[in-house]
Every structure is written in structure tokens, then in C-alpha cells.
Amino acid sequence: MCSGHPTFREPNTLSNLNEVKVKHIHLDLTVDFVQRLLGGQATLTFDPLHDRVENVVLDTSFLNITAVEMDSKQLEFHLADRHPAFGSALHIKLPQPVVNKEKQFDITIKYTTTERCTALQFLEPEQTVGKQFPYLFSQCQIHARSFVPCQDSPSVKLTYSASISSPLPVLMSALKKGDEPSAASMAGQPGFTIYKFEQRIPIPSYLIAIVSGNLTGREIGPRSTVWCEPEMIEAAAWEFADTEKFIATGEKILTPYEWGRYDLLVLPPSFPYGGMENPCLTFVTPTLVAGDRSLVNTVAHEIAHSWTGNLVTTKSWEHFWLNEGWTVFVERKIIAHLHGEPQRHFSAIIGYHALTDSVELFGHDSPATLLTPDLSNIDPDDYFSTVPYEKGFNLLYYIEQVVGGPAIFEPYMAAHIRQFAHHSITTSDWKSYLYEYMKTNHGDEVVKKLDTIDWNKWLSSPGLPPVKPQFDTSLAQVCFSLAASWKKAKENGENDYAGVDKEHFDEFTSLQKESLDKSYQLSSVRNCEIQFRWQRLCLMSDYEPIYPKVCELVTKQGRMKFVRPLYRQVLNKLGVGRGPKFLNQAKNGSELAKSTYLAHKSFYHPIAAMLVEKDIGIASV
Ligand SMILES: CC/C=C\C/C=C\C[C@@H](O)/C=C/C=C/C=C\[C@@H](O)CCCC(=O)O
Ligand SMILES: [Zn+2]
């Protein structure tokens, strides 16, 4: 069914996953908001893969390992020297070789996270909305090894259970199994409670997730609750009221939803991504709470991951497009089923612009623009971009046209899920089944059509897709007409565009920014997607009054989709002679970018901090 060759090459783990496989992890941890760490133990259950296993090697990163035990006996262990991107391998010597590959065995590791942990962000009360309680959240995609010792590879799928002791409510990417006063509270430490969880569906380590803070929940559907700080609950419950429609549409297109619950967690502003598809509990940025439900496509994306990514999983980050390209494709199918095909194409046009931005940023010949890049000795975070999302979407969009349209392709989508659910696959596995399915269900005619696709150009060549997609531009045309009317107004010497309908604008031409700003108050628009595009346009046009708004946007929320391009753009700006009053009088953009970042460094999630520092050339200490 999947590439089953015994020694799979997984470039971004240091674990010996070809000798043993982790099948279950039990976490017994305490949240320490004072020392800003998680501490306790993890018990890992292993399947030997050979008849003689002498060692276990696990991924860790910035963990403090204090003891390793097996059958209550202390085991010898050591942490190898740190790999700059992949962390420190934990080598564990088994007391005697495990000689029966049918015999599972447990190892318990006592540890704490440390202040350099890249998977967790501890927030002080003032960094939260309510400003009264501390907050902890995780982001484990490629950083699980900094949360728990594990085989940190999407090729390994494991169940997990947890008992988490905390003074504040705890949620995880699992089903809740009740809570009880913790020994700490019984021993007099006030307010600690033990929260219990179980994830019975095997998942890759990157989907282990935890949050603890002043959380409240509001039911928004038959299997969904939205969770956030009390101050946001009304706005969040209204914003995400259509969640059940997305889930039900996903089931209609694909297969039944298997995860039980689909809850949403709205995080504090420093959350570094738009959303993270943690099973049972999607994490989302508060920038989606726009007040008009205009940005909920991201929730459709995260829901789509319940099938593509969380059930059918990429076997390594080199095939990340199988997670993200497929999920963007399913997301846009959900949008089409609910709001019509033109909306799917409008979203695809916006996505293609984002793909072009990434390819231009990396360079058209960059290996980072391959759909299946070689990640040997590469930190995947450095290759993260819209390429796996949008080049992957466009490959599937092109195949759908080649084979004969949705009537043929949509049933195949459901078959793909049924074929690979609960497995991790490579691009080769995916392609082999695509051919098998089309031959079995549609004969050699369609197979011949598949053979017309230049697979090497699509899968293994840099740059933009080899075939420029043809999309329905009916919705985009509204924007083009709006831009043309602004241009005409400018040519006629008018400088008040207020009379021009702004309903759908998403495309700007080079116009008088002051006039646009005066006509539409764009610098005060709450919608981050519009604000982000407006600010980038203004920076391109050296519209200096935008600088305070740029520094506000990059320091009031930490979503890298917005923060990284704006920092990069300011970095490359020439001097602003009369810098705005509260910004350092930067001699040039690079000082403005660096001084703004350094003044707010503690606000950002560790992953965002690391990548912004690389973007603006601040060597991490
Ligand atoms: C080609 C391989 C590139 C990367 C490998 C995999 C993971 C990279 C690591 O950086 C983790 C990324 C996590 C992303 C999580 C959520 C995104 O889908 C959000 C997209 C952007 C946004 O909306 O903010
Ligand atoms: Zn995604």
C-alpha cells in the first residue's frame, strides 16, 4: 500500500526509526508558570522492528533529561552534540538486546523543557487579552522534539494519553477524559488540577498539542466548541458559527469525520501561524476574528486537514505538499460547494499571487521551489513557503482538468482518503495509486491523459508550475475594474475615490496613496489581510505615513505570514529622514526593522523570532 521498503530515508530525524517504532506516549507533566517549563515524565511504548534491538535513539531539542528507566531500572543514556537544526539525539542503551520483535517494551524518560524550548511559548499576563493570567501554548510542527522525547517524523504514527497538572485549564489535541484535584492541591499547593486526555487515533508527533490559560468555551455546533479567553468569546463564537457547515461539507466530499470533536482554540496574538490542524482542537490566530466572517476560509483549511494531513500524512517533510497542496485543494472544494465555483477560482487567483511571491523571494531556480525538495541537512522551517500549498494545489487542479473534471476527480479524492487513511505516504505512493485508480475506474483512455503530464517539471523542477492555470476571473474582474476606475479618476485629476465602489478590491494599482487612504481610511482597516496588502503597497511606494501602522501590525500580532514580509520589506527601505515620532530615527530601513524587532523580541513565538532574525540578519545568540 505504501512505500514499505525497510529503511526509509527520513532526512529530518535523528531517531532510529528503522529499528524501533513508537506506538504510544503517555505524558505525566506539570505546567510550571513560575519557571516557565513543563516537567515530569513521558512513557514511550515501542515496537521492535528487528529480532535484535540494542539501542533506542530519540529526537530531543533543548530538553533537560534527568533519568531513563525500563522496568523500574535506571538505563544508561547520553545526549549527543546538538545538530543546529535537528536538536540533540538521546541515545539509550537497553539493558539487554530485545530479541523478539513481537514483544513491545516501555521506556520512561524523566525530563523538563527548558527556556530555549522552540515548541512552547509561555506568555506573561500582559501578553494575553485579559492581562490577568499567564498562558502556555505549543506549536509542534517540526518542533515536537522540544516538547517531548520522540521519533519526530511524520512517518511514525502513535496514540497518546496525558495527565497534565496545572493551576489553569488545560486542553490538548485529544479527547478530554475528565479532571481531578491534583496531589499538589491535596498537598496544599492551591488550585492545581489534573486534566486527563486520550488520542486513540494514531497521529504523527507534530500533531501533539497543549494549551493552558484562562480559557472559556462556547458550543458552536453539535461537535464543536470554540475556546479562548473570556474577553473574546462572544466575537469568536459569532465569527466561527459556520464551522459545522465546513465539517459536513468535508464529509460529503470525502469520508466520515473520524476525530469525534472538532473544537477551535483562538490563541493570543503572538501565535505564529494562521491555523494549526491539531486534531480535535484546531489552533487559530486571533487575526481571523475580523468581525465579518471574511477570513474563515482558514478554518475550512484546518478542517480539511482532518482528512488530508491528519489521516493521510506525508511520510517526510520532503513530501509536505501531500499535506498542504491537498488540503488547499479540499479547502477550496468546500468553499465551492458552499459559495460557488467562482469563489474557489477567486481564492486560487489570490493563492497564485502568493506562490509567485514565494518563487520570486527564493529565486526561480531555487531548490526550495521544488514540490518535492531535498531536505538533507536542511531545516524545514527555512524552506517553509506557499510552494507546497499553491504549487501542490495547482498540480491537483491541473490533473482534475486533464482527467475530465470534477465528475471524475472528486470520487477519486474520496478514494485517495480511503486508500491511505492512517498511513504516511510519499509522492511516489500517491502517484502510483492515482494511476491505479484511474485505470481501474476509467480505463486506459484516462491513463493516456495522465501520461501527457510532465511529471518531472511538476514534481522535481524549480520555479512556477509548468502550466499556467486558467481560472474563472469573474470575481477578480470586479477588482480589476475598481483599479481601472481609480486609475481613470487619477488621470482625470480627481483625488477623492470615495465614490468608487470598494466592495471586492484585492488588487491595487500604483495610485496616490494619500487619496486612497483619505477615501477609504485603509490605514485603519481592521481586516489583517487587507491591512497587510495595503501596507506592502505603501512601502513599495515609499508612502512614509504608513510606517507607524507597519510597526503596529508587526508588533501587535505575531503571524509570520504578515510579520516576515513586512520586516523584510522595511529592512530593504532606504532612509526615512523624518521617521515617525515613536520610531527610532532610523538612518535606513534596516535599522528601523532591527530596532523595532529588538524592542519587541519577547513578544514573538520562538519559531517566529528565529525566522525573523534570519530575515533581518540578526544572528541568534
Ligand atoms: C517543503 C517543505 C517545507 C516545510 C516542511 C514542513 C513544515 C515546516 C514548518 O515550518 C512548519 C510549518 C507549519 C505550518 C502551520 C500552519 C500553516 O499551514 C499556516 C500557513 C500560513 C498562515 O496562514 O499563517
Ligand atoms: Zn495547512
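Order of appearance sets the numbers: ligands from 1, and atoms from 1 within every ligand. As the structure is a computational prediction, the values presented were derived from the model and not from experiment. The chain is numbered in sequence order, starting from 1. As a basis for the values below, the full set of heavy atoms in this structure was taken, side chains included, without hydrogen atoms, waters or symmetry mates.
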Aromatic rings Phe320 and Trp317: how do their planes relate, parallel, tilted or perpendicular, breaks at 30° and 60°? perpendicular

Using the six-membered ring wherever Trp is involved, compare the ring planes of Tyr604 and Tyr597 and label them parallel, tilted or perpendicular (cut-offs 30° and 60°). parallel

Give a yes/no verdict on a cation-pi contact between Arg344 and Phe329, requiring under 6.0 Å between NZ or CZ and the six-membered ring centre and an angle within 45° of the axis. yes

Numbering the atoms of ligand 1 from 1, which are under 4.0 Å from a heavy atom of Ile142? 7 (C)

Judging by distance only, is a nitrogen or oxygen of His301 under 3.5 angstrom from one on ligand 1? no

Determine which of the N, O or S atoms in His305 is closest to the Zn ion (ligand 2) and give its atom name. NE2

For atom 4 (C) of ligand 1, tell me which residue out of Pro373, Gly274, Pro380, Gly392 has the closest non-hydrogen atom. Pro380

Location of contacts on Gln141 toward ligand 1, heavy atoms closer than 4.0 Å: both

Indicate the atoms forming the closest heavy-atom contact of Tyr206 with Gly309, along with that distance. OH-O, 3.4 Å

Could you report the tightest heavy-atom contact between Asp263 and Trp227, atom names first, then the distance? OD2-NE1, 3.1 Å

Counting heavy atoms only, which part of Trp321 comes closer than 4.0 Å to ligand 1: side chain, backbone, both or neither? neither

Using 30° and 60° as the class boundaries, would you call the ring planes of Trp458 and Tyr398 parallel, tilted or perpendicular? parallel

Within Glu277, is some N, O or S atom less than 2.8 Å away from the Zn ion (ligand 2)? no

Purely on distance, is any nitrogen or oxygen of Glu302 under 3.5 Å from one on ligand 1? no

Just let me know how Met276 lines up against ligand 1, side chain, backbone, both or neither, with a heavy-atom cut-off below 4.0 Å. side chain

Quick one: look up the protein heavy atom nearest atom 10 (O) of ligand 1 and list residue, atom name and how far away it is. Asp381 OD1, 2.5 Å

For the metal site, I want the angle between atom OE1 of Glu324 and atom NE2 of His301 with the Zn ion (ligand 2) at the apex, to 10°. 100°

Closest non-hydrogen contact found for Leu175 with Cys280 is CD2-SG, 3.9 Å

Heavy atoms only: which of Lys561, Glu318, Arg559 is nearest to atom 23 (O) of ligand 1? Arg559

How far apart are the closest heavy atoms of Glu331 and His301, and which atoms are they? OE1-ND1, 2.9 Å

So between Phe384, Trp317, Phe271, Tyr389, whose heavy atom ends up nearest atom 2 (C) of ligand 1? Trp317

For Gln557 and Thr287, test the side chains for any donor-to-acceptor distance below 3.5 angstrom and give the result as yes or no. no

Any donor-acceptor pair under 3.5 Å linking the side-chain atoms of Thr426 with those of His319? no

Can you figure out which of Tyr273, Tyr206, Phe320 has its heavy atom closest to atom 19 (C) of ligand 1? Tyr273

among protein heavy atoms, the one nearest atom 16 (C) of ligand 1 is Gly275 O, 3.0 Å

